A.B. asks: 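My questions will all concern the structure given below.
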Amino acid sequence: MIKTIRGTRDILPPESGLFAYVESVAREVFRRFNFDEIRTPVFEKAELFARSVGEETDIVSKEMYTFTDRDGTALALRPEATASVVRAFLEHQMGNEPGLKRFYYLGPMFRRERPQKGRYRQFFQIGAEVLGGDHPALDAEVIEMVTEYLRCLGIQEFSLLLNSIGDRQCRPAFLQALRVAAEPVKEKLCENCRRRLVTNPLRILDCKEESCQPYIDQFPSILDFLCAACGAHFEKLRALLDERGLRYQLTPRMVRGLDYYTRTTFEITSDLLGAQNSLLGGGRYDGLSEMLGGPPVKGIGFAIGLDRFVLVLSQIRPALGEDPVQLFVAWLGPKAFSKAYELTQKCRQTGVRCVIEFEELKLKKALSNADRMKAGHVLIVGEDEIARNSFQLKDMKAGSQESLSESELLARLSSLPGRL
RNA sequence: GUGGGUGUAGCUCAGCUAGGUAGAGCGCCAGGUUGUGGCCCUGGUGGCCGUGGGUUCGAUCCCCAUCACCCACCCCA
């Protein structure tokens, strides 16, 4: 048998319903903040990601799905979407259009990493980006939008972690200070941190190794190194968040792995998942456009990893996304089928989710089937009912049933439980 | 890429450390008579024991290899 390839999976009902639900809520909430959907290709020139995400990052150096096109062009399946959105902005000269551009996207991304709980090689993200401005209110708006999104999904318990990692003006000085502080104690740091000291000093800051903590606590804070512009931006953002009652934890040790981030970074975590507790992350990337060879275009965005997100949601709200049959139409006697089918059509036209069997079943069997598919109601259409224009509508949960004429039945449909 | 774990019925697993070609629960199907589900009872269906080699008279069980999945690390969100 041919099976799914490693790190990919089929998303089956009811989980697929949960994905669809989470996506529909995102569309609805983001729309209220005036975001439009953008759909970019799932594959791009590999160079796009090498230049934006960073040549030296693991994502590009060993986790990207790259392949050569027939003409020799190096292509890659997108490992994330921010670079593509900025590319699209530049390619279509959107900088010439008035105002800011607010986009959201959703779809599959690809990374060739070893699969793990909630992590796949084809994974799904929902993200949003605002391009064309760097007002701190934009940062606040994006953060507000994503918390509103969580609220709409019924996720109340989460922490917003906030930091600023400066920009190309001020970060080098901080990195230098960090190296200076770490050098004397480097023998005391864990193996990973000793390596990071060379490869990516920033990441020492979010080392989880217990023995490193005392030293890390002594290291300088990025916030003390922000230049005037970055500092002012961050202060203003914090003031706005405070003003709107959006509580956050100042987390100077939270850094980003991707090269393009500047200034604001944020992350939302939830205790519901244990160690891998991050639900989403985002930040500002004011230099990304230029890294891609474009004019200066400021931007900020975030991305939610849906696979893990859905995992959390299914734990706290198991029924979310379920959409069972609302009306099961059971018919009795060979002459009843056409009328039963006609009623089914009419019910469907009013938006009710209906199912009708094509082979005649004993009523007992029909009810049993309806029960197994969690049907809310069963409509019984026998030859007697047709003759009397009086159909039996059975409430499966309550076990009660009532007689209704065709017009009464159709009038009742809007009150059936279930979607819409 | 590294380390550990697991692969037996549709699902969750037992059996394997006394090697003799398999069990439970759930599910599924059919009944418990005539047009009323869920519960209960009865019967039934169902497995090349991941795959390929080896040892053996004989292997689900022992050995080797391989593949897949899971967990963790690395990394990242």
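Remember, predicted model here, so these are calculated numbers, not experimental data. Naming: A, B, ... by sequence-line order, numbering from 1 per chain.
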A.B. asks: Nearest whole Å is fine: how far is A77(B) C1' from Met254(A) CE?
C.D. replies: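 Rounded to whole Å, this separation is 11 Å.
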A.B. asks: Just the rounded figure in Å: distance from P of C71(B) to CD of Gln116(A).
C.D. replies: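 About 7 Å, once rounded to whole Å.
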A.B. asks: Quick check: any donor-acceptor pair below 3.5 Å linking the side-chain of Glu385(A) to the base of G35(B)?
C.D. replies: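 Indeed there is one.
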A.B. asks: Are Arg6(A) and A68(B) close enough that a side-chain N or O sits under 4.0 Å from OP1 or OP2?
C.D. replies: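 Yes, such a contact exists.
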A.B. asks: Given the C1' atoms of C71(B) and U55(B), what is the spacing between them in whole Å?
C.D. replies: 33 Å
A.B. asks: How close or far is atom P of A77(B) from atom OH of Tyr105(A), stated in whole angstroms?
C.D. replies: 12 Å
A.B. asks: Please classify A18(B) as syn or anti, treating any glycosidic angle within 90° of 0 as syn.
C.D. replies: syn
A.B. asks: Can you sort out which residues in residues 365-376 of chain A have a heavy atom within less than 4.0 Å of RNA chain B? Ascending by number, please.
C.D. replies: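 Within this stretch, Lys365(A), Leu367(A), Ser368(A), Asp371(A), Arg372(A) sit under 4.0 Å of the strand.
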A.B. asks: Which base, if any, makes a Watson-Crick or G-U wobble pair with A24(B), both distances under 3.5 Å?
C.D. replies: U12(B)
A.B. asks: Between atom CZ in Arg114(A) and atom C1' in G5(B), what is the gap in whole Å?
C.D. replies: 12 Å
A.B. asks: What integer distance in Å separates Asp384(A):CG from U36(B):P?
C.D. replies: 13 Å
A.B. asks: Check whether any side-chain N or O of Lys362(A) sits under 4.0 Å from OP1 or OP2 of A30(B), and answer yes or no.
C.D. replies: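 Answer is no, no contact under 4.0 Å.
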A.B. asks: Distance under 6.0 Å and angle within 45° of the ring axis: does Arg9(A) meet both against Tyr120(A)?
C.D. replies: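 Yes, Arg9(A) sits over the ring of Tyr120(A).
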A.B. asks: Using a distance-only criterion (donor-acceptor N/O pair, under 3.5 Å, no hydrogens), is the base of U36(B) paired with the side chain of Lys364(A)?
C.D. replies: no
A.B. asks: Using atom CG of Leu361(A) as one end and atom P of G31(B) as the other, report the distance to the nearest whole Å.
C.D. replies: 12 Å
A.B. asks: Please identify which of these residues, Glu406(A), Glu383(A), Glu385(A), meets the side chain to side chain donor-acceptor pair (under 3.5 Å) condition with Lys339(A).
C.D. replies: Glu406(A)
A.B. asks: Would you tell me if any nitrogen or oxygen in the side chain of Arg203(A) comes within less than 4.0 Å of OP1 or OP2 on C76(B)?
C.D. replies: yes
A.B. asks: OP1 or OP2 of A77(B) less than 4.0 angstrom from a side-chain nitrogen or oxygen of Arg308(A), does that happen here?
C.D. replies: no
A.B. asks: Would Arg284(A) and Asp134(A) pass as an ion pair if we require N to O under 4.0 Å?
C.D. replies: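 Here Arg284(A) does not pair with Asp134(A) in a salt bridge, since their nearest N and O are not under 4.0 Å apart.
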A.B. asks: Can you measure Leu280(A) atom CG to A77(B) atom C1' for me and round it to whole angstrom units?
C.D. replies: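 The answer, rounded to whole Å, is 9 Å.
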A.B. asks: Below 4.0 angstrom, N of the basic side chain to O of the carboxylate: do Glu47(A) and Arg87(A) qualify?
C.D. replies: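 No, no charged N to carboxylate O under 4.0 Å.
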